[in-house]
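Chain letters run A, B, ... following the sequence lines, proteins first and then strands; every chain starts at 1.
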There are 2 protein chains.
Amino acid sequence: MKSTFPAGSAGDAAQLQAAKDGFITQWGAMGSAWGINRTMAQVHALLMISTKPLTTDDIMEELKVSRGHANTNLRELCGWGLIRGIIPKGERKENFEAEKDIWKMFCIITRERKRREIRPAITVLKDCHERTETLKGGEAVAFSKQVKALREFLEMMDGILSKIARSEQSKILPWALKWLS
Amino acid sequence: MKSTFPAGSAGDAAQLQAAKDGFITQWGAMGSAWGINRTMAQVHALLMISTKPLTTDDIMEELKVSRGHANTNLRELCGWGLIRGIIPKGERKENFEAEKDIWKMFCIITRERKRREIRPAITVLKDCHERTETLKGGEAVAFSKQVKALREFLEMMDGILSKIARSEQSKILPWALKWLS
DNA sequence: TCGTAGTTTCAGGAAAGATTGAAAGCACAA
DNA sequence: TTGTGCTTTCAATCTTTCCTGAAACTACGA
């Protein structure tokens with residue numbers, strides 16, 4: 001519903017819009033599968049492929065959601081650090097832009113999920129283990145052992161992911177490529 | 001609500017039960033966060049720490065869920081390959097037992113999520129890229145480029161995860177430990 | 001201080017997802 | 001073939017989560 005197409009035909013523009021819509025829809029679906037609010041994933045997708053920062057009203061318009069909902073999801077994404085709000089000088093409206101670098105995105109998501117989900121799980125496992133390791137009886141020993149194995153596994157994962165999330169893409173990528181060969 | 005405690009006091013048994021319940025609850029909560037039905041995660045937790053195979057009725061009793069629901073979740077877990085049903089000879093009731101090896105569990109989950117979530121996403125990205133790579137105009141070029149970067153990243157991940165999920169734990173673990181140092 | 005432009009909050013409606021319970025289905029033994 | 005013991009299915013219901021819209025709030029300029 002706009003005016004200027006720097007180049008290409010109207011058909012091209014329609015095709016581009018269709019591809020964008022498909023992308024946003026699918027990214028949203030993928031978000032759901034990973035336990036992320038669909039709209040939040042869509043807002044993220046939209047900002048990720050936008051060539052310029054967008055306002056709350058732009059989001060409302062594109063995704064057909066209410067102002068309240070747009071605002072909530074934008075804030076949440078800011079909380080993750082996946083987007084940031086900027087107020088262009090002279091204006092009062094806030095504009096949002098996404099981190100576009102895939103590797104940085106990956107690092108952010110890894111760090112956050114580690115913090116929000118793996119760490120708490122480790123805490124619980126540690127607790128379960130400590131509360132049962134001194135108990136006698138086959139049942140208790142088996143439980144304690146299983147819980148310990150789980151905990152050690154998650155701690156190893158946590159360590160590896162921390163290390164990866166701290167690395168530069170430039171250090172990981174060539175290594176990954178070699179390793180995959 | 002049972003009889004024989006091979007060793008230890010009644011207090012010990014209560015403590016063990018409390019720890020088990022805590023574990024099941026928390027594993028369920030963690031499942032939710034990762035986009036997995038809470039009950040399914042709890043059934044998995046229950047079987048993971050059980051020293052013997054359990055029947056549908058055992059699950060119903062422990063988790064206080066209906067027969068239908070227990071059945072659905074057991075089937076789903078079988079679908080993932082995380083548990084298997086066995087019919088002890090001479091009996092007609094099906095018993096379920098979980099894969100207890102953490103590394104194998106991790107491989108199964110990795111493989112399944114790759115198949116169910118990463119592969120479809122790659123397909124969509126490929127499609128978006130192909131539909132726009134020949135279009136003219138700054139917008140189209142930017143979109144195409146971003147989508148391509150995403151796709152390449154996911155394909156790299158897919159490759160790495162495939163490789164890891166095919167490995168023996170014995171090959172990864174020492175390497176991980178060294179790498180973490 | 002008031003008015004304006006914008007943002008945030010939240011009660012309640014809507015949609016999605018989980019759970020039940022009961023009926024239908026299945027497999028085997030008598 | 002009928003009966004028994006167990007599993008599966010599915011409409012109905014309950015729960016959770018999402019989403020809206022409107023009111024409250026904030027920041028700033030005149």
**Request:** Go through the structure and list residues passing salt bridge (charged side-chain N to carboxylate O under 4.0 Å, His left out) with Arg92(B), not counting sequence neighbours.
**Result:** none
**Message:** Just the rounded figure in Å: distance from P of dT9(C) to CG of Leu74(A).
**Reply:** 13 Å
**Asked** Residues from residues 28-54 of chain B sitting under 4.0 Å of DNA chain C, heavy atoms only?
**Response** Asn37(B), Thr39(B)
**Message:** Taking the side chain as everything from C-beta on, heavy atoms only, tell me whether Val141(B) gets closer than 4.5 Å to Lys136(B).
**Reply:** no
**Asked** Do Asp158(A) side-chain atoms and Leu154(A) backbone N/O form a donor-acceptor pair below 3.5 Å?
**Response** no
**Asked** Could you write nucleotides 21-30 of chain D as a row of B, S and -, 5' to 3', where a protein heavy atom under 4.0 Å of any base atom gives B, of only sugar-phosphate atoms gives S, and otherwise -?
**Response** B-----B---
**Message:** Output the rounded distance in Å from CD1 (Ile59(A)) to P (dC19(D)).
**Reply:** 14 Å
**Prompt:** Just by modelled atom types, is the Ser50(A) backbone N or O under 3.5 Å from a matching donor or acceptor in the Lys100(A) side chain?
**Reply:** yes
**Request:** Taking the side chain as every heavy atom from C-beta outward, state whether Phe23(B) and Leu150(A) have any atom pair closer than 4.5 Å.
**Result:** yes
**Asked** Closer to the 5' end of DNA chain C via nearest nucleotide, is it Thr72(B) or Lys93(A)?
**Response** Lys93(A)
**Request:** Please report, rounded to the nearest Å, how far the C1' atom of dG6(C) is from the CE atom of Met60(A).
**Result:** 12 Å
**Request:** Give a yes or no on whether a salt bridge exists between Lys20(B) and Glu139(A), defined as a side-chain N under 4.0 angstrom from a carboxylate O.
**Result:** yes
**Message:** Assess, by modelled atom type and distance only, whether the side chains of Thr55(B) and Glu94(B) contain a donor and an acceptor separated by less than 3.5 Å.
**Reply:** no
**Item:** Atom pair distance, as rounded to whole Å: CG in Asn73(B) and C1' in dA18(C)
**Value:** 9 Å
**Item:** Atom-to-atom span, CD1 of Ile87(A) to C1' of dT7(C) - whole angstrom
**Value:** 10 Å
**Complete:** Here the distance between atom P of dT15(D) and atom NZ of Lys64(B), to the nearest Å, is 18 Å
**Asked** Is Glu152(A) close to Ile102(B) at the side-chain level, that is, under 4.5 Å between some pair of heavy atoms?
**Response** no
**Prompt:** What is the distance, rounded to the nearest whole Å, between atom CZ of Arg75(B) and atom C1' of dT7(D)?
**Reply:** 8 Å
**Atom-pair distance (CG on Asp58(A); P on dT7(C)), nearest Å** = 11 Å
**Message:** It should be established whether Asn71(A) places a side-chain nitrogen or oxygen under 4.0 Å from OP1 or OP2 of nucleotide dT8(C).
**Reply:** yes
**Request:** Could you tell me the separation between the CG atom of Leu47(A) and the CD1 atom of Ile59(A), rounded to the nearest 0.5 Å?
**Result:** 4.5 Å
